[in-house]
Amino acid sequence: MKILLFGGTAEGHALAQQLAQAGHCVTCCVATEYGRDVLEPAENLTILTGRMDGAQMLDAMKNGFDRVIDATHPYAAQVSGNIRAAASLAGVPYDRLVRPREQAENVLWADSPGDAARMLEDIPGNILLTTGSKDLAAFAALSDFSGRVWARVLPSIDSLSHALSLGFPAAHIICMQGPFSQELNAATLQQIGAKTLVTKDTGRAGGFAEKAEAAKQAGAKLLVIRRPTVETGLTLEEMLKKYTGGKA
């Protein structure tokens with residue numbers, strides 16, 4: 001089967017590699033060079049790098065693909081909408097890879113990064129942001145953000161440059177590739193004296209449980225930004241069973 005897969009997540013990378021290993025001809029689209037570099041090459045796997053709009057996605061889908069798989073981030077709602085619409089126009093069957101949600105106790109919920117930033121104005125103490133570089137601008141609007149906010153972002157030039165351009169001090173930018181263990185999350189919170197950990201509802205693949213437990217261990221509040229949409233689709237295990245019989 002010839003599959004066009006839109007990736008960029010850890011489970012998207014795993015799915016692309018296992019589908020290729022199972023004998024499918026997989027083209028994996030990633031938005032950035034960093035996403036390309038962390039995707040290990042494999043036989044039957046082609047990697048396309050660069051952001052696409054809806055028209056470009058449609059053009060790509062016209063190249064004889066039997067299936068489109070959307071394995072983009074659960075917070076990339078606009079991108080997922082474009083992929084779904086393009087697949088419909090191209091007449092190519094579409095599957096969505098979804099992340100099951102994880103449960104946690106004593107959570108403060110925000111509807112958006114901006115909403116989270118407004119809530120943080122009334123919560124004293126240092127803050128560890130683990131929401132990614134795309135949302136940093138919302139938190140740079142916080143009063144005294146440069147003194148109390150630490151941002152953990154991917155170790156890429158783009159992420160670091162963006163954080164610096166917004167005024168985050170270099171000493172408050174942590175460039176690391178996740179997901180992270182509970183112990184490392186807790187150590188980071190304790191090192192910077194954080195009273196709040198801000199994250200997204202990223203599920204198991206995004207290390208949500210480890211962050212929730214670390215916040216509890218460190219005595220920090222857990223502020224979670226809700227997913228933009230409630231999605232239906234297949235988990236990684238269900239996707240592998242459908243396309244490989246559960247075998248890579």
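For the pair F139/I127, no side-chain contact is recorded, criterion being any heavy-atom separation below 4.5 Å from C-beta on. Using a 4.5 Å heavy-atom threshold, the side chains of V79 and F6 count as separate. Between M57 and M61 there is a side-chain heavy-atom pair separated by less than 4.5 Å. Between L142 and R148 there is a side-chain heavy-atom pair separated by less than 4.5 Å. Proximity of D158 to S133: side-chain heavy atoms (C-beta onward) are nowhere separated by under 4.5 Å. Between Y75 and D201 there is a side-chain heavy-atom pair separated by less than 4.5 Å. Using a 4.5 Å cut-off on side-chain heavy atoms (C-beta onward), L15 and L236 make contact. Contact check for F180 versus T130: no side-chain heavy atoms found under the 4.5 Å cut-off.
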**Message:** Determine whether D135 and K200 satisfy the following criterion, side-chain contact (heavy atoms from CB on, under 4.5 Å), listing intermediate values before the conclusion.
**Reply:** CA-CA 11 Å; D135 299 314; K200 293 178 177 177; 2.7 Å; yes
**Asked** Stepwise, does the side-chain contact (heavy atoms from CB on, under 4.5 Å) test hold for T202 with K211?
**Response** CA-CA 10 Å; T202 53; K211 285 184 275 190; 4.1 Å; yes
**Request:** Go through I123 and K195 one step at a time and tell me if the side-chain contact (heavy atoms from CB on, under 4.5 Å) criterion holds.
**Result:** CA-CA 9 Å; I123 301 175; K195 299 303 181 183; 5.8 Å; no
**Request:** Show your reasoning for whether side-chain contact (heavy atoms from CB on, under 4.5 Å) applies to T244 and Q18.
**Result:** CA-CA 8 Å; T244 72; Q18 293 188 61; 5.7 Å; no
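For E121, the side chain to side chain donor-acceptor pair (under 3.5 Å) criterion is met by S143, not counting sequence neighbours. Every side chain to side chain donor-acceptor pair (under 3.5 Å) that R226 has, sequence neighbours left out, goes to D111. R227 pairs by the side chain to side chain donor-acceptor pair (under 3.5 Å) definition with nothing, not counting sequence neighbours. Q182 meets the side chain to side chain donor-acceptor pair (under 3.5 Å) test with Q217; sequence neighbours excluded.
At a threshold of 4.5 Å between side-chain heavy atoms, the hydrophobic network of Ile, Leu, Val, Met, Phe, Trp and Tyr places I192 and V198 in two separate groups. By the criterion of side-chain heavy atoms lying less than 4.5 angstrom apart, applied directly or through intervening Ile, Leu, Val, Met, Phe, Trp or Tyr residues, W150 is grouped together with L184 in one hydrophobic cluster. In this structure, I83 is not a member of the same hydrophobic cluster as V26, with clusters built from ILVMFWY side-chain heavy atoms closer than 4.5 Å. A chain of hydrophobic side-chain contacts below 4.5 Å, direct or via other Ile, Leu, Val, Met, Phe, Trp or Tyr residues, connects V107 to L128. Under the 4.5 Å side-chain heavy-atom criterion for Ile, Leu, Val, Met, Phe, Trp and Tyr, L160 and M176 are members of distinct hydrophobic clusters.
Note that OG1 of T196 and CG of L120 are 6.0 Å apart. Values are rounded to the nearest 0.5 Å. Distance NZ/K241 to OG1/T235: 10.0 Å, rounded to 0.5 Å. Note that CG of L136 and CG of L129 are 6.5 Å apart. Values are rounded to the nearest 0.5 Å. One distance of note links CG of L223 with CE of M119; it measures 5.0 Å at 0.5 Å rounding. Interatomic distance, OG of S112 versus CD1 of I225, reported as 7.0 Å (0.5 Å rounding). Rounded to the nearest 0.5 angstrom, L5 CG and C29 SG are separated by 8.0 Å.
Summarising the local packing, CD of Q191 is surrounded by 12 or fewer heavy atoms from other residues, nucleotides or ligands at distances under 6.0 Å. Annotation: K134, atom NZ; neighbour count of heavy atoms from other residues, nucleotides and ligands within 6.0 Å does not exceed 12. Within a 6.0 Å sphere centred on CD of E231, heavy atoms belonging to other residues, nucleotides or ligands number more than 12.
Each side chain to side chain donor-acceptor pair (under 3.5 Å) pair with one or both residues in residues 29-38, not counting sequence neighbours, appears once here: Y34-Q177. Counting only residues at least two apart or on different chains, the side chain to side chain donor-acceptor pair (under 3.5 Å) pairs with a member in residues 39-67 are R67-Y243.
Using modelled atom types, one side-chain atom of H172 and one backbone atom of V149 make a donor-acceptor pair closer than 3.5 Å. Proximity of a side-chain donor or acceptor of T9 to a complementary backbone N or O of A71 within less than 3.5 Å is detected. Side chain of R96 to backbone of T72: a donor-acceptor contact under 3.5 angstrom is found. Remark: side-chain polar atoms of S88 are not paired, donor with acceptor, to backbone N or O of A85 under 3.5 angstrom.
The two residues L45 and A20 come nearest to each other via the heavy atoms CB-CB, 4.0 Å. In plain terms, the two heavy atoms of K2 and G64 that are nearest each other are CD-O, 3.4 Å. The two atoms that bring R152 and T188 nearest to each other are NH1-OG1, 4.5 Å, heavy atoms only. When every heavy atom of T229 is checked against every heavy atom of A77, the shortest pair comes out as CG2-CB, 4.5 Å. When all heavy atoms of Y94 and A87 are compared, the pair lying nearest together is CB-CB, 4.0 Å. Minimum interatomic distance between L234 and K242 (heavy atoms only, all atoms of both residues): CD1-CD, 3.8 Å.
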